[in-house]
Structure formats: structure tokens, C-alpha cells
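Protein chains get the first letters and strands the later ones, always in sequence-line order, with residue 1 at the start of each.
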Protein chains: 2
Amino acid sequence: MHFNDDGFGAMTRKLERLAKLNEQDRDALKNLPLARKRVAAGQHLLREGEESTTCYMLLSGYACRYKTTRTGSRQIVSFHMAGDIVDLQHLLLSRADHSIQAISDLTFAATPAAELKKVAQTHPTIAEALWRDTLIDASVFREWVLNVGRRDAKQRIAHMLCEFAARRETAGLGRPTSFELPMTQEDIADATGLTNVHVNRMLAQLAAEGLIARDKRQVEIADWDRMRRAADFDAAYLHAQAA
Amino acid sequence: MHFNDDGFGAMTRKLERLAKLNEQDRDALKNLPLARKRVAAGQHLLREGEESTTCYMLLSGYACRYKTTRTGSRQIVSFHMAGDIVDLQHLLLSRADHSIQAISDLTFAATPAAELKKVAQTHPTIAEALWRDTLIDASVFREWVLNVGRRDAKQRIAHMLCEFAARRETAGLGRPTSFELPMTQEDIADATGLTNVHVNRMLAQLAAEGLIARDKRQVEIADWDRMRRAADFDAAYLHAQAA
DNA sequence: CGTAGGTTTGACTGATCTCAAGTTTGGTGG
DNA sequence: CCACCAAACTTGAGATCAGTCAAACCTACG
């Protein structure tokens, strides 16, 4: 499966996984105005406080959502990859409470929130699929609160890696045991509530314990089952099989 | 405003705040089967892993949602009060990824998820209101990730108190500057990723600095503006004015 | 009053941060 | 193709915030 398309295919595949679409639903999606775009790593799609009028379906590359404290420290609250729809909440909440940034070069399809909202209003199954997607989003945030609040540094990082691997697999982006990290160790630190220095040490320790093997940004999870246990990772919160 | 009613009134008021209901919408809500129930502090409404088939509208008292690590430590991911609908995500996700527990004696109206889902499917404005509610939920989780990930102990606790105060006010439960905490210091610890011992010390310090005054569980925020700054609290993430 | 749960305090420990100095990597222009 | 540069990564040493353990003290409630 590859997402190297105009966005319509990716969007349809995504929503098919979340609800049982019919022909009218697919037609409605086909008629959505989708603009294919490309931004470089580091660029922002949206900044906290702005009014958002656009939804983004990621086609390739990686992005993150983050918030900052008044003193400037950054907390990444989620990572996103091909197949993810980011900014869905701006169908119903106009003001952004977080920023969205590309962490690698990124291609995405942009659609006006108003258009997607109209489609959702007239196609209950699409609304259901989108709603379910935002609910899964929320479930992931809950797990992150647990991760940052109650796991130690090594576990947090291991858990983040497991989630990344599992979501890549669900999205059809490759095997979960071997992948290239798109984010810096500083990004990992900002996602786990740690410092880049400590992330570096913990990654080294995970490698020393034989849980992962590293080469540059390439990561291989050497023993998925031990890793899963070390990370306290249980994929249930990803609600991957919908329902 | 008081929520000492059968649940219908509370539910209607809640949704009116989230979207513009019409007469049919209100009628549909009126016909929802609502069972008024009461549980004691400490009781569970739902446990992680269970299939949930019920949504709860809280009428009085307080509840929390929490998750646990495999080793048993607990992370509270949200607090809830009169007017909140908890477990809305079980309209679309059957398996609970967290537990729901009463932290004080609690009265609530229970409605079968399937019934509420049916109403949402046939009344787009109700669906929109409920969806928006879950999106605000998600926004609060994001703030909690930031709180636990990037603020120090004193700020975390101060922020939690500010949120509690602000939400009480929005829900019409009284002035934000003076209230009784329903939760123990251990609960606060589990919500902020700290230990009960450290929570105790930080509360003492907040009091020593004149930000709050305490008497048992009674808390008065002595200087809201200083408190807000100390807590790095900005209510925008609560999306209280809907839109 | 007796008891259990909750709160407070003290002394010590330790995980993670901070600061600082290298080292490696990947991209860019000559 | 190489030299250079900035960004990312790595390592070390010392500081600190928050945790642990343990004991005492409240206080609500039976």
C-alpha cells in the first residue's frame, strides 16, 4: 500500500477503516476540493492561537503537534504520518490550542474545513468515521498523559518507539521492527518530557540491553516481546481494529 | 443554576452550550431513556478493558478517569463534575481504555450508548454538540500532557487547581476563587504525576507564598492573577465559549 | 473513643537536569 | 570531490528536584 496519490485515495482508505462507507459517501469524498501541497521539514502548518480553516491529510513524511509553556519549553503531544488526518478538531473548534509542524519534508492534501464539515453533515457515516478518528486521537493523548506522568525515562522512550512502530504498521508503512526515525533526539525529549541529553543516554541503554539496535536514525527493535514488556506497551489504546 | 434534576435538564443545558439545538433536538433528548443513579465515593462506573454500553451525565459529585501501568501506578487523566458527560467515546469505541471512578458520592443519569448514538445519527446538531464535547475533552488531554511533561511540581498543582476552578465556574457550580476539593492529595498526585508527599509540600508552599489559602479541603485562590501566572494557566484550551 | 484514611514532617536517596566540551553527520558551495 | 559549517549526537561531572521510607498527627465516622 502506498499513499503516493492525490489524497482522495488516502482519505478514502483511512475512512473505510473507520466506518462502512457506501457509494454516496465515496462520491462525496471524491468531490472534496483537495489541494496537494509540499512543505520542508521545520515548517509550520498551523500555529497555536490561529484560526484554522483547513484540514490536512498527510501523504508522505512526518509531522507533530505541540504546545508550549509561557517560558518557552515545548511539549510534543502527538506524531503524525502518512494516512493521518491532522487538525480534524478544527471542523468544530476554530481556534487552535496547539501548533502543527513538519518534522520531515512533508506532502499532504489540504481541504477546507468548511467543505469537509458540510460533507460530514450530509453523510452520517463519514461523520461517524471522522468522529471515531478524533476519539482515537483522544485515547492516544490519554496514554501519553500516563506515559509522561507515570513511567520512567527508559520506559517512556521505549513506549514512544513501540507506538511509532505499531502505528507505522497499521498505516501500511512497513514492518514494525525496523524503521527510520524522522525526529531528532530533542524531538523525542519534547515528546516524553525529558531532555535531549537524557534521551541520548536512555537510547544508548536500550541498545546496551539488546532491546534495540541503532545506526544513525535507523532503529531496529531486536526483541519485540521484551521491548513491549520493557515499554509497558499494549496497543489496545490505539483502537486499531476500529469497532 | 443547579443540576438537581432528572438528567434531561442537565443534558439539554450542556448541549445548548455546545450547539444550537432546535425543538426536534430537544424532543429527541427528552425521549432518551435516562436512569437516575447514585454511587458512593470510590465506586467504579467502568473499568479499563470492559465493554461499555452506557453514557453518564453527572448530576452531582465528582468523578475521575484514570489509567494504570502494568506495575500498578495510577495516572488520573481527567476530573469530572456536574454537567459533564463521561464516556461519550463509547458511542463509537466499544472497549474502554481507561477506568471511571467516583471520587465523591455521585449522582448521575445513565443512558444506553446505543440510544444516544441513534439520536445523534438522526439529529446532526446533537451529533455536532457531542462531537464538539469530545474534541474539547481531547484539548484538555493535550494540556495535561504539557502540564505533566513540561511544568515543575508547583506549577502542575497550581494549574490543576486553576483548571478545576475554571471548569466549576463554567459549569455554574460557584465562584472560581473558593471551593472544596473533592479529591485527596493522593488523587492530585496521580493527576499530576507526583507523589502524595510532594503534593503536600507544594500545597504548603503555594499557601506560604500567599497564592492560596487552605482549610482542610477548602481552597481559596487568594490572588487569581498571580495564581494564573504561577500556574501558567490560560483557559483557552477549555474552549468554553464553544464556537 | 477507636480506628482507618488522610495529612504532615523529617532525613536520606536517586533519577533526571544542567552545563560544558567534544565528536559525528549531512548538507552546501567552491 | 573536498572543505566547511551547522545541526545533531555523545560523554562527563556536578547540582537539584522530586521520590522513598518512616513516623506522627489529624479527623471523620462508626
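Remark: P of C/dG14 and CG of B/L194 are 20 Å apart, rounded to the nearest angstrom. In this structure, CD of B/Q218 is placed 14 Å from P of C/dT7, rounded to the nearest angstrom. Taking atom CD of residue B/E180 and atom P of nucleotide D/dT27, one finds them 14 Å apart after rounding to whole Å. Straight-line distance from the CD atom of A/Q185 to the P atom of C/dT23: 18 Å, rounded to whole Å. A/L206 places its CG atom 13 Å from the P atom of D/dT10, with the value rounded to the nearest Å. Here the P atom of nucleotide D/dC21 and the CG atom of B/N200 are 18 Å apart, to the nearest Å. The NZ-C1' distance, from A/K154 to C/dG14, rounds to 15 Å in whole Å. When the P atom of C/dT8 is taken as reference, atom CZ of B/R217 falls 10 Å away, rounded to whole Å.
Picking from D/dA18, D/dG12, C/dC17 the nucleotide with the shortest atom distance to the side chain of A/V197 gives D/dG12. Between C/dT7, C/dA20, C/dT16, one nucleotide has an atom nearer to the side chain of A/D152 than all others, and that is C/dT16. Among D/dC21, C/dA11, D/dT11, the nucleotide with an atom closest to any side-chain atom of B/R201 is C/dA11. Checking D/dT11, D/dT20, C/dT18 against the side-chain heavy atoms of A/T195 singles out C/dT18 as nearest.
Among the atoms of the strands shown, only primed sugar atoms or phosphate atoms (P, OP1, OP2) are found under 4.0 Å from some heavy atom of A/G193. Across all strands shown, B/R156 has no heavy atoms under 4.0 Å from either base or sugar-phosphate atoms.
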Intermediate values then yes/no, side-chain hydrogen bond (donor to acceptor under 3.5 Å, both in side chains), A/Q89 and B/H239: CA-CA 12 Å; A/Q89 77 265 21; B/H239 297 276; over 6 Å; no
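For the residue pair B/T134 and B/D137, no side-chain donor N or O sits within less than 3.5 Å of a side-chain acceptor on the partner. A side-chain N or O of B/N200 and one of B/Q185 form a donor-acceptor pair less than 3.5 Å apart.
The shortest side-chain heavy-atom distance between A/M202 and A/V199 does not fall under the 4.5 Å cut-off.
Map B/K216 and A/T184 each onto its nearest nucleotide of DNA chain D; the residue landing nearer the 5' end is A/T184.
With hydrogens and angles ignored, the 3.5 Å screen pairs a side-chain donor or acceptor of B/Q155 with a backbone N or O of B/D152.
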